[in-house]
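Chain letters run A, B, ... following the sequence lines, proteins first, then strands; residues in each count from 1.
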There are 2 protein chains.
Amino acid sequence: MNQTYPSQLLENAVNEFSKLPGIGRKTALRLVLHLLRQEENEVFDFSEAIVKLKNEVKYCKVCHNISDTEICSICAHPARDRQTVCVVENIKDVMVIENTLQFKGLYHVLGGIISPMDGIGPGNLEIDSLVKRIPEENIKEVILALSATMEGDTTNFYIFRKLAAFKDLKISVIARGVSIGDELEYADEITLGRSIINRTLFNESFKSN
Amino acid sequence: MNQTYPSQLLENAVNEFSKLPGIGRKTALRLVLHLLRQEENEVFDFSEAIVKLKNEVKYCKVCHNISDTEICSICAHPARDRQTVCVVENIKDVMVIENTLQFKGLYHVLGGIISPMDGIGPGNLEIDSLVKRIPEENIKEVILALSATMEGDTTNFYIFRKLAAFKDLKISVIARGVSIGDELEYADEITLGRSIINRTLFNESFKSN
C-alpha cells in the first residue's frame with residue numbers, strides 16, 4: 001500500500017530509516033515518530049554519533065579492526081600472544097570471539113570473504129597484508145575462523161595456499177561440530193560427520209585455552 | 001552479557017540506536033555496522049534527514065497534524081468537508097485513516113490520550129483548541145476515533161462532556177465490532193457483545209461513505 005505522508009520532511013526521514021537492513025516502512029515510521037517526540041539535543045546527539053563514527057573512525061593499520069587510534073587496543077595490548085593470529089571476516093567476528101574470552105592472540109580482519117556471486121575476489125580482501133605480517137611479526141600460528149559456508153571454505157583454502165610457502169607456520173581451522181546444547185538427532189549429517197572425524201580425546205575436550 | 005566495543009565512537013553510535021523502541025543492542029550494532037559500510041554522503045543524508053525533520057517540521061495551527069507549512073495540506077484542501085472533524089490521538093492515526101480513503105472531513109490531533117498512569121491529563125492535550133474550533137469553524141459533527149482502550153474511553157467521555165454545551169453538534173464514536181476477516185469464535189466477548197448491540201441494517205452495512 002502506498003502511504004502518503006503529511007510532510008515531506010517526515011517522508012524523507014522515513015525513507016532514510018527504511019534503507020537500513022530489516023527495517024520496513026512501518027517500523028521506520030515508528031522510529032522516526034519516536035525521535036520526533038524526543039528533545040532537540042537528544043535527536044542531535046543521535047545524528048551526531050552516526051556522522052562522527054563515519055568521519056572519525058579509524059581502522060587498525062596492523063589488523064584492520066575498527067579502532068579509535070592508529071593501532072587498535074588489541075594489537076597494542078602488551079599481554080596478548082603476538083605469535084598467534086586469528087583470521088576473521090569482519091569487525092563483528094572480532095567482537096564475538098573476544099566475548100568468548102578464549103583467545104589471547106591477535107586478529108586479522110579480511111573485510112569480507114571470497115564470493116564471486118557478490119563480485120568479491122581475493123584482491124578485495126586484506127589477504128596480501130596478512131601474508132606480509134607472517135615474516136614481519138614472526139607469527140607461528142594462523143587460526144582461520146571464517147564462516148562454515150562454501151564462501152568461507154573457499155577463502156580458507158585460498159589463504160592456506162598463499163601461506164603454504166611459510167614452512168614453519170602452523171595453520172589451523174576452528175573446530176566444526178555439534179553445537180553445545182544441541183540434540184544429536186537434530187544436527188545435520190555433514191556437521192555430525194565432521195564432528196566424528198575431528199573427535200577429541202575425552203580429557204582434552206574439557207581443557208580450556 | 002556485557003559487550004566490549006573496539007571503538008568508543010562505535011559504542012556511542014550503538015548506544016544511540018539502542019535507545020530507539022524495539023531496537024536491542026545486537027540490532028543496533030547491525031544497523032550501525034551497515035551504516036559504516038555506506039558511502040560518506042549516504043550516512044550524511046541519513047543523519048541530515050533526522051535533524052532537518054526535528055528542526056524544521058511544523059504542526060498545523062488548525063488541527064495540530066504534522067506539516068511542512070503553517071496550515072497542513074488536509075486543512076488547506078478545498079474539496080474536504082469542513083463541517084466534520086475526526087478527533088485522533090496522534091499523527092500516525094491521521095495517516096491510517098487517510099489510507100482508508102473513507103473520510104473526507106478534517107482532523108483534530110489531540111497529541112495523546114488521558115492517561116493518569118503516564119501523567120497525561122486533559123490539560124496536556126489539544127482539547128481546549130478543539131472546543132474553540134466548533135463555533136469558529138461552524139462544525140456540525142465530531143467523530144471520536146480514539147483507541148478502544150480504557151484511556152481512549154476516558155478521553156472520549158471527557159471530550160463528550162466538554163462538547164455537550166453545543167446543542168446542535170453531532171458527536172459520534174467509530175464503530176466497535178468484529179474485525180473483517182475474523183472468525184466469530186475467536187472474537188472476545190466484549191467486542192462481540194458490542195457488535196450485537198450496535199448491529200447495522202443489512203443494506204446499510206455495505207454502504208460506502
* **B:Arg30 and A:Lys92, any side-chain heavy atoms less than 4.5 Å apart** => yes
* Which residue out of A:Val14, A:Val51, A:Asn15, A:Leu10 racks up the most heavy-atom pairs below 4.5 Å with chain B? -> A:Leu10
* To do: Look at B:Pro21, B:Ala13, B:Cys60 and state which one has the largest set of heavy-atom pairs under 4.5 Å with chain A.
  => B:Pro21
* **Gap between atom OH of A:Tyr5 and atom OG of B:Ser73 - 0.5 Å precision** => 14.0 Å
* **Interchain contact, A:Leu33 with chain B, by part (heavy-atom threshold 4.5 Å)** => side chain
* Asked: Does a sphere of radius 6.0 Å around NZ in A:Lys19 hold more than 12 heavy atoms from other residues, nucleotides or ligands, not counting ones at 6.0 Å or beyond?
  -> yes
* Sidechain-backbone polar pair: B:Lys54 side chain, A:Leu36 backbone, donor-acceptor under 3.5 Å -> yes
* Asked: Measuring heavy-atom distances to chain B, does A:Asn55 have an atom under 4.5 Å in its side chain, in its backbone, in both, or in neither?
  -> side chain
* To do: Can you measure from CE (A:Met95) to OG (B:Ser7) and round to the nearest 0.5 angstrom?
  => 9.5 Å
* Structure fact -> Among A:Leu31, A:Asn90, A:Ile91, A:Asn12, the residue with the most heavy-atom pairs under 4.5 Å to chain B is A:Leu31
* Please tell me if the side chains of B:Val94 and A:Pro6 come closer than 4.5 Å, counting only heavy atoms from C-beta onward. => no
* Below 4.5 Å from any heavy atom of chain B, which atoms of A:Asn65 appear? Answer side chain, backbone, both or neither. => side chain
* Asked: Are the side chain of A:Asp68 and the backbone N or O of B:Gln8 linked by a donor-acceptor pair below 3.5 Å?
  -> yes
* Should A:His34 and B:Leu20 be marked as a side-chain contact (heavy atoms from CB on, under 4.5 Å) after you check the CA-CA gap, both sets of side-chain angles, and the distance that decides it? -> CA-CA 7 Å; A:His34 171 86; B:Leu20 296 175; 3.9 Å; yes
* Are there more than 12 heavy atoms of other residues, nucleotides or ligands under 6.0 Å from atom CZ of B:Phe44? -> no
* To do: Go through the atoms of A:Ile74 and report whether side chain, backbone, both or neither lie under 4.5 Å from a heavy atom of chain B.
  => neither
* Asked: Where on A:Tyr59 is there a heavy atom nearer than 4.5 Å to chain B: the side chain, the backbone, both, or neither?
  -> side chain
* Between A:Gln38, A:Glu48, A:Lys58, the one whose heavy-atom pairs under 4.5 Å with chain B are most numerous -> A:Gln38
* Taking atom CG of A:Leu53 and atom CG of B:Leu35, what is their separation to the nearest 0.5 Å? -> 8.5 Å
* Find out whether A:Val43 and B:Ile50 are in side-chain contact, i.e. whether some heavy atom of one side chain is under 4.5 Å from a heavy atom of the other. => yes
